[in-house]
Asker: 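One structure, pasted below without further comment.
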Amino acid sequence: MTMNREFIINIMIFGLLIAVGIGAHLAGQGFTVTLATKVAILGLAGVGLNLALGYGGLVSFGHAAFFGIGGYAAGVLASHAANGDPLMFGFGGSNQMLVIWPVAMLAAGFAALMIGALSLRTSGVYFIMVTLAFAQMIYYFAISWPRYGGEDGLSFYVRNAFPGMNTLKPIEYFTICASLLGLALVFSGLVTQSRFGLALQSIRQNPQRATAVGIRATPVRLTTFVISAMITALAGALYADLNRFVSPSMFSWHMSGEIMVFVILGGVGRLCGPIAGAAMFILLEHLLGKVSDHWQALLGLMLLGIVLFAPGGLIGLITKGLDALRKEKADV
Amino acid sequence: MLLAEQLLNGLQYGMMLFLMAAGLTLVFGVMGLINLAHGALYMVGAFACAVVAASTGSFWLGLVASLAVAAAAGALVEMLVIRRLYNRDHLDQVLATFALILVFSEGTRWLFGDFPLYLKLPPALSGAITLPGGLQYPFFRLVIILVGAVVALGLWLLISRTRLGIRIRAGEADREMIGALGVDIAKLYTIVFALGAALAGLAGGLVGSIQSVQVGMGEPVLILAFVVIVIGGIGSIKGALVGALLVGMTDTLGKAVIPGLFARVMDTASANTTGSAVASMLIYILMAVVLLVRPQGLFGARV
């Protein structure tokens, strides 16, 4: 029953995002299309983290590492393609998204394998801090490595290409990003309902029992961590192309915190939670930014309010509201 | 001679990290809380020191203010927000204290603007002194080392020899039990949190005097303090001291030595860039090694 209702909410949230993107395009509001694209991309980063955090109970405070690796994969490949400088083994970079995405995901997957294998030796608060520290390590490396811009970052002037599309048009880029988000949602939904996903959730709920029925926790967790990182890296590559700019701030712990905020704001372990969270975050940023230069303070206070008084996030609130409505109807 | 100077620099950096890490590890050990806003309290201490020192002309009053204001801010935050988080999972704690950072940083930016403030040291503390062996070293950095050592000793005495220390240790072991024995836990927690905040504030005031005071200064230090307590073992003051000195030494010596080592196998320019990139990762590599050998940290009891 609840699965069913949640399914409807998920469709509504995703559908709303698509409707906003297309509606804004028809109304000639290019800027709003770009905002919707940003929601789709950051939501995708959150969908990645949600797999580890929500379903696996792995509170990674270092997902900016993978977001940044994805971004830098796009930036580095594009810059090599632009200046014709061979990258390695005679491979000259690329400006094709269909090449960049797999590279971004593989690079981040490899990093996640290393970071995860070390971090999963710990649990609880150690895991949070260790993932954070590894992300910081990469952040400082990016800052002190001048080859790709160091602290200043790396800009590229033309958005990378996708066959048959003009990626510079806001609506076409929105279509690409929203389609990938949709694919990631379907994939994520299938994974969490598969045998593997059920094993993952049983490990989160009770590691001892899961082990007792013959599930080895570490390989399942590590696999999840890697998949989660790869999805977030894809979002990073898209984000780099959205801004046509990458900088070490993509690796910063603020980024990790923000991706985590999307997930928690929307509702931990809810399929479309990160999209709702990212949408609310970007909307607040946009609206509060008009009210005051110090909108981050207001945002902080609102976040505090949500953590203290509305655990379960936005989708938790919506389902609770629906429950109350239904009860009222039943009483009448 | 250069090495001796770098060793002292590492020691000074380590002592500063210890002041930060001690509060963080104490709060986690006693209350089981991850406090990301610890860096914000460091920033509050630095601003309090800068403002009071500038308006009264006395650096000493500034330092007292950094302790007092940070402790007060800590106590206030504990009573308003933090105490609602003790029974929540770590995720809620991370998010709520992340939100607190946003509030503190923007609040400070609103009050003082984006420009850094600078502290002027009193003549008694500035200048260099000549150490045995003929090394010239800034006096104030020696003072920081001394303050760190005194705080470490004081904390050890507090925890092992006083009634409050007994309560703190009992609170780590079993909070329901000491509550049942008539200890006011809420008050104890506020005191511990304020104590940790005061140490962070003191670190902020001291470091603000050798660097600049600005919004966002607390976050890099906070992350390093996390590395320190992960290495030392979360909840252990002794671990915080050892971890802080290890991290301080590794970072300082690594940045001083590694580019030179790389220069022997490659040309100077690329040795400098590669060397400094590797040096900036060194403490995280140290942390990874410690975790591989002892996942609970050097002095940690539990995982």
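Bear in mind the structure is a predicted one, so any value in this text is a computation, not a measurement. Side-chain atoms are counted along with the backbone in the values below, which use heavy atoms only and exclude waters and symmetry mates. Numbers restart at 1 for each chain; the letters A, B, ... are given by sequence-line order, proteins then strands.
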Asker: Tell me whether A/Tyr126 contacts the main-chain N or O of B/Ile234 through its side chain, where contact means a donor paired with an acceptor under 3.5 Å.
Answerer: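 Pair found, side chain donor or acceptor close to backbone of B/Ile234.
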Asker: Looking at A/Gln136, A/Met129, A/Met137, which one forms a side-chain contact (heavy atoms from CB on, under 4.5 Å) with B/Ile223?
Answerer: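 Exactly one candidate clears the test, A/Gln136.
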Asker: Which answer fits B/Val278, side chain, backbone, both or neither, if we ask what part of it has an atom under 4.5 Å from a heavy atom of chain A?
Answerer: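 Answer is neither: B/Val278 stays 4.5 Å or more from chain A.
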Asker: Answer yes or no: does atom CZ of B/Arg169 have more than 12 heavy-atom neighbours from other residues, nucleotides or ligands under 6.0 Å?
Answerer: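 Counting other residues, nucleotides and ligands, CZ of B/Arg169 exceeds 12 neighbours.
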Asker: Sort A/Leu53 into side chain, backbone, both or neither according to what part of it lies under 4.5 angstrom from a heavy atom of chain B.
Answerer: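 The answer is the side chain of A/Leu53.
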Asker: Is B/Leu282 close to chain A through its backbone or its side chain, or both, or neither, when contacts mean heavy atoms under 4.5 Å?
Answerer: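 No part of it gets close to chain A.
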Asker: Does any heavy atom of chain B fall under 4.5 Å from the side chain of A/Leu301, the backbone, both, or neither of them?
Answerer: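 Both the backbone and the side chain of A/Leu301 come within 4.5 Å of chain B.
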Asker: For B/Arg84 and A/Phe309, indicate whether the former's side chain and the latter's backbone hold a donor-acceptor pair under 3.5 Å.
Answerer: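 Checking the backbone N and O of A/Phe309 against the side chain of B/Arg84, no donor-acceptor pair under 3.5 Å is found.
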Asker: Name the region of A/Leu118, side chain, backbone, both or neither, that has any atom closer than 4.5 Å to a heavy atom of chain B.
Answerer: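 It is the side chain, since no backbone atom gets that close.
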Asker: Measure distances from B/Val230 to the heavy atoms of chain A and classify the residue's part below 4.5 Å as side chain, backbone, both or neither.
Answerer: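 Contact with chain A involves both backbone and side-chain atoms of B/Val230.
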Asker: Check whether A/Val125 gets within reach of chain B through its side chain, its backbone, both or neither, counting any heavy atom under 4.5 Å.
Answerer: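 Contact with chain B: backbone and side chain both.
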Asker: Report which part of A/Val130 has an atom under 4.5 Å of a heavy atom belonging to chain B: side chain, backbone, both, or neither.
Answerer: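 For A/Val130, the contact with chain B is made by backbone and side chain together.
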Asker: Check whether A/Arg121 reaches the backbone of B/Val293 with its side chain - one donor and one acceptor, N or O, closer than 3.5 Å.
Answerer: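 Looks like no, no N/O pair under 3.5 Å.
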Asker: By a 4.5 Å heavy-atom criterion (distance strictly below it), what part of A/Tyr139 contacts chain B: side chain, backbone, both, or neither?
Answerer: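 Neither part; nothing is under 4.5 Å.
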Asker: List the steps and the verdict of side-chain contact (heavy atoms from CB on, under 4.5 Å) for B/His90 and A/Ile128.
Answerer: CA-CA 9 Å; B/His90 292 316; A/Ile128 301 178; 3.7 Å; yes
Asker: Heavy atoms only: give me the nearest B/Leu91-A/Met260 pair and the separation to one decimal.
Answerer: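 Taking every non-hydrogen atom into account, CD1-CE, 4.1 Å.
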Asker: Can you classify the ring geometry of A/Tyr140 versus B/Tyr284 as parallel (below 30°), tilted (30 to 60°) or perpendicular (above 60°)?
Answerer: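 Parallel: the ring planes of A/Tyr140 and B/Tyr284 meet at under 30°.
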Asker: If every non-hydrogen atom of B/Ala99 is compared with every non-hydrogen atom of A/Leu303, which pair is closest and at what distance?
Answerer: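 Closest approach of B/Ala99 to A/Leu303, heavy atoms only: CB-CB, 3.7 Å.
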Asker: Report, as yes or no, whether the 6.0 Å neighbourhood of atom CZ on A/Phe110 holds more than 12 heavy atoms from other residues, nucleotides or ligands.
Answerer: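 No.
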